Amino acid sequence: MRNEINVTLPAIVSNASLARLIIMGILAPLDADTQQLTEVKTVVSEAVTNAIIHGYEGNPEGIVEFNAVLEGRRLKVVIKDHGVGIDDVELAKQPLFTTKEDEERSGLGFMIMESFTDDFEVVSAPSVGTTVTFEREIL
């Protein structure tokens, strides 16, 4: 079985919830356990929220591209923004690193996302945007 969805979301915070619902819809036929579903929802939510909060710095004019492909039990998700980008991806992946120190941000997003996936990649360039790609086998 193969299923794919492509969605373009306006960069508004409530769309992180919509992205979680979309990913649950594509995974519904697999009857996966709750922990796996929660982990995938968390990765999607973190990536979309990062695009909105950091990529577009809260500008609702931005667009978040969301692509999910389910091939058998293998899920691949790509979340992309065309926002400010990240100067140093490796630094941004460090625990507790945040560009929003004045807000309640823990700086653990990339670390959490990576721990919940089989393959995880962040590609970014300043003034170009950021693409988060992850894969996960749903057992």
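Note: hydrogens, waters and symmetry copies are ignored here, and every other heavy atom, side chains too, is used. Predicted model only: the values in this text are computed from it and were never measured.
Residues satisfying the side-chain contact (heavy atoms from CB on, under 4.5 Å) criterion with A32, sequence neighbours excluded, are L37, I138.
The hydrophobic clustering, which links ILVMFWY residues whose side-chain heavy atoms are closer than 4.5 Å, places M24 and V69 apart. When hydrophobic clusters are built by joining Ile, Leu, Val, Met, Phe, Trp and Tyr residues whose side-chain heavy atoms come closer than 4.5 Å, directly or via intermediates, L27 is grouped together with I79. Linking Ile, Leu, Val, Met, Phe, Trp and Tyr residues whenever their side-chain heavy atoms come within less than 4.5 Å leaves V78 and V89 in two separate clusters.
The closest side-chain heavy-atom distance from I22 to I5 is below 4.5 Å. For the pair M113 and V122, the minimum side-chain heavy-atom distance is 4.5 Å or more. Residues T42 and I112 are in side-chain contact: their nearest non-hydrogen atoms beyond the backbone lie under 4.5 Å apart. Residues F110 and I86 have side chains in contact (heavy-atom distance under 4.5 Å, counting atoms from C-beta outward). By the 4.5 Å heavy-atom criterion applied to side chains, T131 and T133 are counted as neighbours. F66 has its side chain out of reach of N15: every pair of non-hydrogen atoms, C-beta onward, lies at least 4.5 Å apart. The closest side-chain heavy-atom distance from E65 to N67 is not below 4.5 Å.
By the 4.0 Å N-to-carboxylate-O rule, E4 lies close enough to R2 to be salt-bridged with it. Under 4.0 Å is where a charged nitrogen must lie from a carboxylate oxygen, and between R74 and E135 at least one such pair does.
Taking each heavy atom of L139 and R73 in turn, the nearest pair found is O-NH2, 3.3 Å. Across every non-hydrogen atom of S124 and T130, the tightest pair is OG-OG1, 2.7 Å. When every heavy atom of A68 is checked against every heavy atom of I26, the shortest pair comes out as O-CD1, 3.7 Å. The two residues Y56 and V64 make their nearest non-hydrogen contact at CE1-CG2, 4.2 Å. E57 and H54 make their closest contact through CG-O, 3.5 Å (heavy atoms, listed as atom of the first residue, atom of the second, distance). Heavy atoms only, all atoms of each residue included: N59 and A11 are closest at O-CB, 3.7 Å.
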Chi angles and distances behind the side-chain contact (heavy atoms from CB on, under 4.5 Å) call for R136, F120
CA-CA 9 Å; R136 168 88 187 243; F120 180 76; over 6 Å; no
side-chain contact (heavy atoms from CB on, under 4.5 Å) between V123 and K80, worked out
CA-CA 9 Å; V123 176; K80 182 176 186 174; over 6 Å; no
Using side-chain contact (heavy atoms from CB on, under 4.5 Å), reason through L70 and K76 one step at a time and then give a plain yes or no.
CA-CA 6 Å; L70 182 64; K76 180 177 182 179; over 6 Å; no
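Residues S45 and R20 bring a donor and an acceptor atom of their side chains to less than 3.5 Å of each other.
Note that CD of E46 is 13.5 Å distant from CD of E114, once rounded to the nearest 0.5 Å. Here NZ of K41 is found 11.5 Å from CD of E39. Values are rounded to the nearest 0.5 Å. In this structure, CZ in F134 is found 13.5 Å from CD in E121, a value given to the nearest 0.5 Å. The CD1 atom of I52 lies 7.5 Å from the OG atom of S14; values are rounded to the nearest 0.5 Å.
If you run side chain to side chain contact (heavy atoms under 4.5 Å, CB included) between L18 and each of L9, I12, V7, only L9 comes through. Tested against V40, the residues V77, L75, T117 include a single side chain to side chain contact (heavy atoms under 4.5 Å, CB included) partner, L75.
Other residues, nucleotides and ligands contribute only 12 or fewer heavy atoms inside 6.0 Å of the CG atom of D31.
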